[in-house]
Every structure is written in C-alpha cells, then in structure tokens.
Protein chains: 2
Amino acid sequence: MARVLIVEDEPDLQQVLEYNLRQAGHDVTVASRGAEGLRVAREQRPDLVLLDLMLPDMQGTEICRALKSAPETGGISVVMVTAKGEEIDRVVGFELGADDYVVKPFSVRELLLRVGAVLRRAQQPAEENAIQFGALKIDRAAHRVWINGAEVDFTPLEFRLLVTLYERRNRVQTRASLLDDVWDVQAELTTRTVDTHVKRLREKLGPVRDYVETVRGVGYRFVGSPAEAGR
Amino acid sequence: MARVLIVEDEPDLQQVLEYNLRQAGHDVTVASRGAEGLRVAREQRPDLVLLDLMLPDMQGTEICRALKSAPETGGISVVMVTAKGEEIDRVVGFELGADDYVVKPFSVRELLLRVGAVLRRAQQPAEENAIQFGALKIDRAAHRVWINGAEVDFTPLEFRLLVTLYERRNRVQTRASLLDDVWDVQAELTTRTVDTHVKRLREKLGPVRDYVETVRGVGYRFVGSPAEAGR
DNA sequence: AGGAGATGTGACAGCTCCGTGACGACACAG
DNA sequence: CTGTGTCGTCACGGAGCTGTCACATCTCCT
C-alpha cells in the first residue's frame, strides 16, 4: 500500500509498529538510530516516516526539519511518536512540519488511523492538503486558515477541532467522540469543554460560523452543500 | 448500551469493574477463569471483552489471540487490563490485536473512557446511514430528514422515534416497547406520551404522515410498500 | 344508535440543553 | 517577575424540548 520507514530505538515498540503496519499492508523499513533513519529516508524516499521524538543520537525534531526543508525529501509525510503528551511537543512537531503525531501510550487503532489519514491526504496533495470550502480555506500542512481571503489565527486546539469537524462533515459528531479525536483519550474533560471551544471557533469563523451547526441533544456537525466545496 | 464481558480472577477488581460498567449502562457478564471467559465470549459474542493479562489457568494474550483470529469473534473489541506497566506487556497485547489497554492501578474514570472510546469506534462503520423511503429520506449520520426533497427539522426524540419505527417497519410496535427503545430504560412514563409524540411526528411528516399507522388496541406501525423503498 | 374505551389534539409548565461571558490555572516569552 | 496567550470550568439565562393533562374525536361493540 505504501512504503513506511520507522525510526525508533526502543526494540519493543519498534516491533509493535512494524508488525502492525505490515498487517495493514504497508512496506516497512526500520531504523534504530536517528542518523541511520535520516540516511535511509534520503536514499529510499518512503511515503511516510514514523518518527520517535526522542532518539539516542539525535532529536526526532532535527530529522523532521531536515527532511521537510530539503526539496527532495520535503514531500515525505512525517508522523511523530512522542513519549509525553505535553502540548509543547505537539506544537513543536507541527511547527516543524510534521503531518500528525501520536502520543505514547497510543492504541494501535489510533496509530493506523492517523497513518492512513496522512497517507490518503498526501496522495491527493492539491485537493486534500489545502481545503477550500466556500469562503473558508484551510492549509493543513502550514496550519493556516483564511476566511474570505483574510488569514485568521487559530490556536492548535481550535485548528484540530476545525479540521476534525471538517473531515467528518455532514455527520453529527457527539461531544464524546470529539473529545476522543481532538483531545487525548485519557483526558478527563467535561463535555461542556467542547461547547466552549466550539463557541471560540465560531467567533473566529465569523461570517462562515454557520458551517458549524449544533444538533441539539446530539452534538455538532460541519455542514455545507457539495456545490460550495472545492471552490 | 453494550454487552461487556469481564475476565478477571481477582474478586475485588472484578467487583469494581462490574459495578462501574453497570453504572455506565452496560450489560455485564463476568468470568473468573480464562477458559470460562473464552467459552462465554464465543457463546455470547459480547461487544467488548475486558481481559486481564494474568489469569490463573491461561494468559489473557491467548484468549485475545483466539478471539481475534477467528472470523466469528474477530469483531469483538478487546481491552487488556495489565498488572504491570511494562512496555513488554503492552507490546504483546497489541500484537495480538487488542484495541486498547489499561495499566493497574488505573482510575475508574480512565477505564470507562477507554471502554467508551473503543465501543464508539467499533460501532461507527456498522451502521447503514442513508435511508430512502418514497418521499422520505433519512440521513442517520447527519441526523437530517428530507420530505419531498425539503429538509425538515426534528427534535432528538422525534428523530429517534422515527428511526425506531422505520427500523421495525411493517411490524406493530406497542407503546411499551417504543418506550423501551426510544426513551431511557429507567424512564417511567405514561403510554400516552407516545401518542403525543406520534402526533408531533405526523405533523412534521406532513404529506407522508400515513407512513405511521395506528393499530388500534396495540400500538403503531411504520408501513410502506416494498415498491416505494430504495427509491 | 348509544356507549365505552382508545386515540388525536392543543395548551402549558417544568426541565434540559446550549450559548455566553468571566475567571483562574498554567506555560511560555521577554 | 510580569505580561500574554491558551485552555478548562463554572454559573447564568434563554430557547427549545418534553411529559402531562383535559378535552375532542374516533372506533368498535352491543
């Protein structure tokens, strides 16, 4: 299905990742050290690199930056595997251009979902990476949003919420499932937290706030007629 | 909400798990020994198995593998409960296809969150979302209804009632069974409440109000000739 | 035709749910 | 240390939803 390079020093985790990605039908290569990973990535140009943030010889961030900044390897998708769930790690990961991340301990299902989503996105770069939806434009890679051509700042959380809502557009998403997808599973939060962030999202969405609809008693729904999409 | 099988030998933990999962509205079965757990899982086909890694007679991993590798039981979600937080345990658990795990000691809240998340994910693709029935169109995922192409707003209760009636179409449903299916289990309501909501449903159904028939002395029935379906 | 029981209808009060603004905790930058 | 930005929680209030009741209408039986 796709060629995946795993850069991970911990043998157990390495094995889990390799096993499950193979199961999912991918062509897998493994590297234990950062330098080795970077070399293999440059030589083989895989479709996706699964990259541990902490490696014995160098930081995963360096590898990510090195890959993303070079034109030959810039097209390779990067998913970061982070040990700590700290927000800072995620932000830094994204700032470096990583396409997504998973936080240890993660469920296999989650990992495969994220890897699958990133690969799918990369396959149709023009359409999927830059989302244009009516007056709303989202660049996932750059983490930027424009409304009627004017750029609007979104916090990392708001951005994730917006993208998550968009990805399952025209489907109601319960507060619980949004908490699953936008926040960590282990996060113990009130469902009302979702309300507050939807409110903040709508404020920033301004003229296109109606794209996010409330479905009373159920959850939220991103909505838009197909005619509006891809414009 | 869902049928959960607990396979756990330690009586205290068994009790805690059972109690809390019942509180969360699940239908719980308990097994103390691995062989028993495997047998019950095969017979009852629960939605989810909460599986202790260490059992007196066999390893939880064996049970997990046995369930996941057989087509009949492969769809059952498995959440592992591990005594030690060692990475190796997780690895083994995931390699075998467990959907998630919790490490003892765990907070009850975290357990419930993970169980809920796993169930929600497993549920998602199973449902058939688009229903078209003559002039009536129902999108369950989006929670939207159209009549002759025009969208009509339904309250959460009305929507559930409509879908429930539709699902058992051409079969009479008593007021009592509708109360069970549409309302909360513990709700103690007058059967007349059903009448009122059927009335409201019919109002909104307008031209297709005749899809909901009254069966005097028994209950209500959603009807439609097969020719009308799937249009 | 008349009556009893079942069902339809309209009104209403109570309640749930959601939007909103405010606040405190926390992390980070200067 | 202080200022700034982000995030989670809470309390309030309004809008919408829902259960119940009383009464009207209908259906079936005698």
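So that the names make sense, note that chain A is the first sequence line, chain B the second, and so on, each numbered from 1. In what follows, every heavy atom counts, from backbone to side chain, and hydrogens, waters and symmetry copies are set aside.
- Atom CZ of B/Arg202 is separated from atom C1' of C/dT9 by 12 Å (rounded to the nearest Å).
- Which of D/dC7, C/dG8, C/dC18 sits closest to the side chain of B/Thr214 comes down to C/dG8.
- Residues that satisfy the side chain to side chain donor-acceptor pair (under 3.5 Å) test with A/Arg42, not counting sequence neighbours, are absent from this structure.
- With sequence neighbours excluded, the residues satisfying side-chain contact (heavy atoms from CB on, under 4.5 Å) with A/Ser32 are A/Gln14, A/Glu36.
- Distance, B/Lys199 NZ to C/dT7 C1': 12 Å, rounded to whole Å.
- In this structure, B/Phe159 places its CZ atom 18 Å from C1' of C/dC17, rounding to the nearest Å.
- In the helix from C/dA1-D/dT30 to C/dG30-D/dC1, the end axes, each obtained as the rotation axis mapping the C1' atoms of four pairs onto the next four within a five-pair block, lie 20° apart to the nearest 10 degrees.
- Rounded to whole angstrom, the span from the CG atom of A/Leu178 across to the C1' atom of D/dC7 amounts to 16 Å.
- Remark: B/Arg22 pairs with B/Glu18 by the salt bridge (Lys or Arg N to Asp or Glu O under 4.0 Å) rule, at least two apart or across chains.
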statement: Per-nucleotide protein contact along nucleotides 19-30 of chain D, 5' to 3', at a 4.0 Å heavy-atom cut-off (B base, S sugar-phosphate only, - neither), is BBB-----BS--
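- Taking atom CG of residue A/Leu162 and atom P of nucleotide D/dT6, one finds them 15 Å apart after rounding to whole Å.
- Atom CZ in A/Arg209 sits about 13 Å away from atom C1' in C/dC18, given to the nearest Å.
- Taking A/Phe159 as the reference, A/His143 meet the ring pair (Phe, Tyr, Trp, His ring centres under 6.0 Å) condition, with sequence neighbours excluded.
- Note on A/Tyr220: only backbone sugar-phosphate atoms sit closer than 4.0 angstrom, heavy atoms only; bases stay farther off.
- Side chains of B/Arg202 and B/Thr214: a donor on one and an acceptor on the other come within 3.5 Å.
- Rounded to whole angstrom, the span from the CG atom of B/Asp210 across to the P atom of C/dG8 amounts to 12 Å.
- Between A/Val223 and A/Asn170, some side-chain heavy-atom pair lies under the 4.5 Å cut-off.
- For A/Asp9, the salt bridge (Lys or Arg N to Asp or Glu O under 4.0 Å) criterion is met by no residue, not counting sequence neighbours.
- When the side-chain contact (heavy atoms from CB on, under 4.5 Å) test is applied to B/Arg175, the partners found at least two apart in sequence or on another chain are B/Thr191, B/Val194, B/Asp195, B/Tyr220.
- Note: CZ (B/Arg175) to P (C/dA6) measures 9 Å, nearest angstrom.
- Legend: residues meeting salt bridge (Lys or Arg N to Asp or Glu O under 4.0 Å) with B/Arg160, ordered by chain and number and at least two apart, are absent.
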